[in-house]
Amino acid sequence: MAMVGLFWIAEGDVYVGAKPVGSAPGVRLTPEGVLPLGDGQPGFHLWEDVHALTVVDVPVKTLVRQVGAVKDLVLETVLSLAMAGAPGGSYDSPALMTVRVETPDGERELSAHVATAAGYSSTEVDLSRALLSRLTEGAATLATTLAAMSEWGRKRDGETPRTAEREELLRSWVG
């Protein structure tokens with residue numbers, strides 16, 4: 001699994017946001033359409049019906065957010081060590097983003113977990129939004145772009161590339 005912009009690519013599967021686990025919300029982009037995942041997100045949207053695909057509520061990386069993420073990690077580690085063996089333990093869920101799917105029947109809002117605690121760079125957010133827009137341009141563009149993303153995921157060893165490589169990948173997929 002690897003994160004590239006707002007996308008989580010795992011063994012050829014492409015998700016907006018983090019790949020959901022269990023009944024957690026998520027959005028998978030398949031060659032056939034947009035597949036909502038998790039409890040309370042029924043339905044399937046064929047690409048031919050998707051007129052627009054956008055993401056809002058995206059946390060943008062800032063110094064304050066990065067410091068907060070480090071502080072939270074340290075605090076969580078200390079609490080985990082202190083509470084070792086104690087029953088229960090509550091962890092906050094990752095933040096959610098809203099994925100808007102516009103079809104002839106109207107706009108549907110789906111939820112997907114953010115894949116990074118520190119937020120996304122503004123460049124990656126902009127490129128990811130452009131890529132989502134590109135996916136709705138037509139069948140040929142969609143097939144080529146989604147296939148390139150999936151192929152990259154199948155060849156990847158699972159680690160998330162550094163920022164410069166992620167941005168370059170997004171640029172190449174946007175075209």
Side-chain angles (χ1 to χ4, degrees), residues 1-10 13-22 24-30 34-41 45 50-79 90-103 107-137 141-142 145-146 148-150 152-153 156-175:
M1 292 185 268
M3 183 185 73
V4 179
L6 302 181
F7 305 97
W8 193 259
I9 305 171
D13 293 334
V14 178
Y15 301 87
V16 178
K19 178 181 179 181
V21 177
V27 177
R28 182 172 168 217
L29 306 177
T30 72
V34 179
L35 176 63
L37 301 169
D39 290 343
Q41 296 203 129
H45 307 282
V50 177
H51 296 172
L53 189 58
T54 58
V55 180
V56 296
D57 307 325
V58 178
V60 177
K61 188 183 294 185
T62 63
L63 180 57
V64 171
R65 189 180 302 275
Q66 288 176 301
V67 169
V70 171
K71 175 195 64 93
D72 290 346
L73 180 61
V74 169
L75 183 59
E76 183 178 311
T77 302
V78 169
L79 287 175
S90 62
Y91 297 98
D92 291 334
S93 294
L96 290 172
M97 300 184 291
T98 302
V99 180
R100 291 186 178 146
V101 182
E102 186 180 318
T103 68
E107 187 175 88
R108 175 99 188 270
E109 291 192 347
L110 306 172
S111 297
H113 282 290
V114 172
T116 176
Y120 301 94
S121 76
S122 58
T123 302
E124 284 185 274
V125 171
D126 292 344
L127 288 168
S128 295
R129 286 178 172 155
L131 182 53
L132 286 168
S133 178
R134 181 166 171 69
L135 292 175
T136 63
E137 289 177 358
T141 301
L142 164 71
T145 305
L146 203 52
M149 295 171 77
S150 296
W152 178 86
R156 191 70 184 178
D157 196 17
E159 62 188 55
T160 296
R162 298 222 178 261
T163 303
E165 184 181 348
R166 292 193 310 262
E167 290 175 2
E168 185 55 39
L169 279 166
L170 289 166
R171 282 185 186 93
S172 71
W173 294 333
V174 169

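Residue numbers start at 1 and run along the sequence shown.
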Between [X] and [Y], what is the shortest heavy-atom contact and its length?
X    : Y    : result
T103 : H45  : CG2-ND1, 4.0 Å
S111 : V27  : O-CG2, 4.0 Å
Q41  : L37  : NE2-O, 2.8 Å
G17  : W8   : O-CB, 3.0 Å
I9   : G153 : CG2-CA, 3.4 Å
E159 : A2   : O-CB, 3.4 Å

Set of residues satisfying side chain to side chain donor-acceptor pair (under 3.5 Å) with respect to R171, sequence neighbours excluded: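 Side chain to side chain donor-acceptor pair (under 3.5 Å) list for R171, sorted by chain: empty.
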Considering residues at least two apart in sequence or located in another chain, which fulfil the side chain to side chain donor-acceptor pair (under 3.5 Å) criterion with T54?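 If we apply the side chain to side chain donor-acceptor pair (under 3.5 Å) test to T54, skipping adjacent residues, there are no hits.
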Please check if the side chain of [X] supplies one atom and the backbone of [Y] the other of a donor-acceptor pair under 3.5 Å.
X    : Y    : answer
R166 : P161 : yes
Y120 : S128 : no
R129 : V55  : yes

Distance, nearest 0.5 Å, that separates [atom1] of [X] from [atom2] of [Y]:
X    : Y    : atom1 : atom2 : result
S121 : L127 : OG    : CG    : 8.0 Å
F7   : L169 : CZ    : CG    : 11.5 Å
H113 : L96  : NE2   : CG    : 5.0 Å
M149 : S172 : CE    : OG    : 9.5 Å
D57  : R100 : CG    : CZ    : 7.0 Å

Enumerate, atom names and distances included, each donor-acceptor pair closer than 3.5 Å involving a side-chain atom of residues 130-137, sequence neighbours excluded.
unit_1 : atom_1 : unit_2 : atom_2 : d
R134   : NE     : W173   : O      : 3.3
R134   : NE     : V174   : O      : 2.9
R134   : NH1    : E137   : OE1    : 3.4
T136   : OG1    : S133   : O      : 2.7

If you measure from the Lys or Arg side-chain nitrogens to the Asp or Glu carboxylate oxygens, is any gap between R162 and E124 under 4.0 Å?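 Here R162 does not pair with E124 in a salt bridge, since their nearest N and O are not under 4.0 Å apart.
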Hey, are D13 and K19 close enough for a salt bridge, meaning a charged N less than 4.0 Å from a carboxylate O?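 The answer is no: the pair does not qualify as a salt bridge.
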List the steps and the verdict of side chain to side chain contact (heavy atoms under 4.5 Å, CB included) for L29 and V16. CA-CA 7 Å; L29 306 177; V16 178; 3.9 Å; yes
Stepwise, does the side chain to side chain contact (heavy atoms under 4.5 Å, CB included) test hold for L110 with T98? CA-CA 6 Å; L110 306 172; T98 302; over 6 Å; no
Taking it one step at a time, do M97 and L6 satisfy side chain to side chain contact (heavy atoms under 4.5 Å, CB included)? CA-CA 10 Å; M97 300 184 291; L6 302 181; 4.2 Å; yes
